[in-house]
Amino acid sequence: MDIPNTTATIPQAPPDFRSGFVAIVGRPNVGKSTLMNQLVGQKIAITSPVAQTTRNRLQGIVTTPTCQMILLDTPGIHKPHHELGRVLVKNAIQAIHSVDLIVFLVDSSATLGRGDQFVVDLLQKSDGPVVVGLNKQDQQPPDQREELNASYETLTEDHGWPCFKFSALTGEGLSDFQSVLETRLEPGPYYYPPDLVTDQPERFIMGELIREQILLLTRQEVPHSVAIAIEKVEETPQRTNVFAAITVERGSQKGIIIGQKGSMLQAIGSAARQQIQKLISGDVYLKLFVKVEPKWRQSRQQLLEFGYRVEE
Ligand code: GDP
Ligand code: MG
């Protein structure tokens with residue numbers, strides 16, 4: 001498969017724009033992935049059994065009008081008891097040293113444990129700035145609330161790391177926390193196009209696989225005026241549901257893509273589905289929509305949205 005070189009250009013950041021890389025670290029199960037998905041605003045990992053085992057780092061990108069933060073979800077840090085554990089921990093530690101800001105996440109609904117102390121000892125060795133997230137506030141037993149929060153605050157205050165309380169699951173307190181992260185980043189550029197939510201290429205490749213089938217099956221008639229947007233990817237235990245919009249410029253092109261009684265769209269969908277199944281090594285349900293957007297190719301914004309390079 002050829003993956004065309006169609007990376008979107010990255011706009012110039014406005015003055016006072018802030019940006020940076022933020023690692024989320026903590027022992028397993030404290031809610032690191034939940035926090036990342038909440039901040040990004042959607043579940044971003046398009047997982048497959050294969051990808052999951054090899055993936056040791058996932059970036060989520062949050063872009064607001066004033067800031068872009070790239071969040072690194074890291075495997076939980078724990079005292080490793082086996083080789084895979086050692087590798088995962090090593091990767092998490094590497095992340096600590098290559099970011100602008102570290103979020104040390106704890107489960108404040110549970111008593112402070114040696115696992116948290118282990119992470120503190122590691123973080124102490126890095127000289128990057130650290131903020132502490134007291135997660136799972138919603139789950140604290142009301143009568144232990146103060147005691148639990150205080151134990152984590154005591155653990156971290158020696159190091160001068162400020163603590164913030166929230167619930168990654170309910171979202172309570174998170175917008176304040178996001179503002180805190182933003183103010184702690186330095187002025188900087190866009191590292192990624194503003195509409196990208198992850199550096200994972202699967203969505204992009206899925207779109208290309210669909211486009212590839214359109215090129216193959218409709219030949220010369222439509223290809224250049226077609227763009228694919230992966231609207232949604234849903235994982236269920238049985239399969240991955242992919243919803244994709246095919247955008248063309250004219251009604252006649254829409255007719256070609258849909259074909260007699262939908263036969264062309266069906267052929268495109270069936271062939272693309274098989275390709276995507278290979279990509280993610282799992283069962284896929286693929287739903288295609290066809291939209292007409294006159295002159296989308298002349299719209300800079302839309303080109304960016306579809307992931308095309310836009311020359312200045
Ligand atoms: P990770 O191992 O640190 O990435 O943790 P996950 O994000 O996978 O979360 C572990 C479990 O904690 C999941 O069952 C989450 O639903 C749950 N969880 C995460 N954040 C919260 C929270 O704020 N409140 C509650 N009650 N549960 C949470
Ligand atoms: Mg996780």
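Since the structure is predicted, the reported quantities are computational estimates derived from the model, not experimental observations. Both backbone and side-chain heavy atoms feed into the values below; hydrogens, waters and symmetry mates do not. Whatever order the structure lists ligands and atoms in, that order sets their numbers, starting from 1.
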N or O contact, G31 vs ligand 1, cut-off under 3.5 Å: yes
Greater than 12 external heavy atoms within 6.0 Å of E147's CD: no
Sub-4.0 Å atoms of ligand 1 with respect to non-hydrogen atoms of S167: 22 (C), 23 (O), 24 (N)
Flag side-chain contact, heavy atom, 4.5 Å: Q275 against Q213: yes
Heavy atoms from other residues, nucleotides or ligands near CG of D121 exceed 12 (cutoff 6.0 Å): yes
contact_flag A168 ligand 1 heavy-atom lt 4.0 Å: yes
Approximate separation, where rounding is to 0.5 Å, of C67 SG and R184 CZ: 13.5 Å
Nitrogen or oxygen of D138 less than 3.5 angstrom from that of ligand 1: yes
Region of K136 engaging ligand 1 - heavy atom pairs below 4.0 Å: both
Close side-chain approach of I276 to T240, heavy-atom, < 4.5 Å: no
Ligand 1 atoms in contact with S33 (distance to a heavy atom under 4.0 Å): 4 (O), 7 (O)
Polar atom proximity, F166 to ligand 1 (N or O, under 3.5 Å): no
Non-hydrogen side-chain atoms of L123 and V25 separated by less than 4.5 Å: yes
Heavy-atom nearest neighbour of atom 27 (N) of ligand 1 within options N29, I24, L169, V25: L169
Nearest non-hydrogen partners of I210 and A244, listed with the distance: CD1-CB, 3.6 Å
Residue portion contacting ligand 1 (non-hydrogen atoms closer than 4.0 Å) for N135: side chain
